[in-house]
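Take a look at the structure below.
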Amino acid sequence: QVQLVESGGGLVQAGDSLRLSCAASGPTFSRYAMGWFRQAPGKEREFVGVISRYDNCYYADSVVGRFAISRDNAKNTAFLQMNSLKPEDTAVYYCAAGRNGASRRAEYDYWGQGTQVTVSS
């Protein structure tokens, strides 16, 4: 069992940066790919990006060049660095742990509770 807790959300202005953290419990963090998803009001939860067990990353087209994912296995923590934020990035952001570095929600076994990011224009 892995428990995930996101933090770092908040209210920012367009063009600002924000870094989200995802703290994981348990000794097996390094065995999981860590994905980030987001859900805006009235919309489905969508893939943002993922970092594999081997530190390979890939991202949704909408965030390429602006967002970056990293991980610190010694601290059981994954990060989502968000730069050049836009109002359309406003959503609840979730981290998730899965065995495969995939973009489909069904590939992930564990989810955090989410953290709100609001970007004002």
Side-chain angles (χ1 to χ4, degrees):
Q1 186 78 8
V2 176
Q3 292 185 326
L4 304 174
V5 179
E6 302 96 335
S7 61
L11 171 64
V12 297
Q13 293 186 333
D16 285 351
S17 297
L18 206 58
R19 189 174 83 154
L20 306 183
S21 299
C22 174
S25 65
T28 59
F29 175 76
S30 62
R31 301 179 187 177
Y32 288 93
M34 297 301 297
W36 287 91
F37 291 76
R38 66 186 181 185
Q39 188 167 17
K43 295 187 177 181
E44 291 192 357
R45 193 171 299 187
E46 66 174 5
F47 173 75
V48 173
V50 61
I51 184 166
S52 74
R53 292 176 290 170
Y54 310 106
D55 287 349
N56 298 315
C57 298
Y58 68 90
Y59 303 94
D61 289 345
S62 58
V63 305
V64 167
R66 300 189 300 122
F67 290 11
I69 298 173
S70 60
R71 64 191 300 160
D72 184 339
N73 290 336
K75 296 182 178 180
N76 280 11
T77 304
F79 303 96
L80 177 64
Q81 177 67 44
M82 304 184 293
N83 300 322
S84 302
L85 282 161
K86 305 175 181 180
E88 51 264 43
D89 295 318
T90 295
V92 177
Y93 283 71
Y94 300 87
C95 66
R99 294 293 183 178
N100 303 307
S103 61
R104 295 190 308 128
R105 288 178 291 169
E107 296 286 339
Y108 292 86
D109 303 311
Y110 305 102
W111 291 82
Q113 83 290 348
T115 185
Q116 176 70 47
V117 172
T118 303
V119 185
S120 64
S121 58

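One-based numbering along the sequence shown. All values below come from the heavy atoms of this structure, side chains included, with hydrogens, waters and symmetry mates left out.
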- Can you sort out the partners of Arg38 under salt bridge (charged side-chain N to carboxylate O under 4.0 Å, His left out), two or more places apart, ordered by chain and number? Glu46, Asp89

- Query: How many angstroms lie between atom OG of Ser84 and atom CG of Asp16, to the nearest 0.5 angstrom?
  - Reply: 9.5 Å

- For the atom pair CG (Asp55) and CE (Met34), what is the distance rounded to the nearest 0.5 Å? 12.5 Å

- Is there a donor-acceptor pair under 3.5 Å between the side chain of Tyr108 and the backbone N or O of Ala102? yes

- Mind checking the OH-CZ spacing from Tyr32 to Arg99? Nearest 0.5 Å is all I need. 4.0 Å

- Counting only N and O atoms by type, is there a donor-acceptor contact under 3.5 Å from the side chain of Gln81 to the main-chain atoms of Arg19? no

- Message: Treating Ser121 as the side-chain partner and Pro87 as the backbone partner, does any N or O pair qualify as donor plus acceptor under 3.5 Å?
- Response: no

- hydrophobic_cluster_shared for Val117 and Val48, side chain cutoff 4.5 Å: yes

- Report the residues that fulfil side-chain contact (heavy atoms from CB on, under 4.5 Å) with Thr118, sequence neighbours left out, ordered by chain and then residue number. Leu11, Thr90, Gln116

- Message: Measuring from atom OG of Ser30 to atom CG of Asp72, what distance do you get when rounded to the nearest 0.5 angstrom?
- Response: 11.5 Å

- Any side-chain heavy atom of Glu6 within less than 4.5 Å of one from Leu80? no

- Query: Roughly how far, to the nearest 0.5 Å, is CD1 of Ile69 from CZ of Phe79?
  - Reply: 12.5 Å

- Under the salt bridge (Lys or Arg N to Asp or Glu O under 4.0 Å) rule, what pairs show up with a residue in residues 100-121, not counting sequence neighbours? Arg104-Glu107

- Query: Is there a path from Val5 to Tyr110 through hydrophobic residues (I, L, V, M, F, W, Y) whose side chains come within less than 4.5 Å of each other?
  - Reply: no

- Query: Counting only heavy atoms not in Glu88, do more than 12 sit closer than 6.0 Å to its CD atom?
  - Reply: yes

- Task: Give the minimum heavy-atom separation between Leu20 and Gly9, together with the two atoms involved.
- Result: CD2-N, 3.6 Å

- Item | Residues forming a salt bridge (charged side-chain N to carboxylate O under 4.0 Å, His left out) with Arg31, sequence neighbours excluded | none

- Message: Considering only residues two or more places apart or on different chains, which pairs with a residue in residues 45-73 satisfy ring-ring contact (aromatic ring centres under 6.0 Å, His included)?
- Response: Phe37-Phe47, Phe47-Tyr58

- Message: According to side chain to side chain donor-acceptor pair (under 3.5 Å), who are the partners of Asn73, at least two apart in sequence or on a separate chain?
- Response: Arg71

- Flag side-chain contact, heavy atom, 4.5 Å: Met82 against Trp36: no

- Is it true that Leu18 and Val119 fall in one hydrophobic cluster, defined by side-chain heavy atoms closer than 4.5 Å? yes

- Query: What about Val92 and Val12, same hydrophobic cluster or not, with Ile/Leu/Val/Met/Phe/Trp/Tyr joined at side-chain heavy-atom distances under 4.5 Å?
  - Reply: no

- Shared hydrophobic cluster for Val50 and Phe29 (ILVMFWY, side-chain gaps under 4.5 Å): no

- Message: Could you walk me through whether Tyr94 and Gln39 satisfy the side chain to side chain contact (heavy atoms under 4.5 Å, CB included) test, starting with their C-alpha distance in whole Å, then the side-chain angles of each, then the deciding distance to 0.1 Å, before giving a yes or no?
- Response: CA-CA 8 Å; Tyr94 300 87; Gln39 188 167 17; 4.2 Å; yes

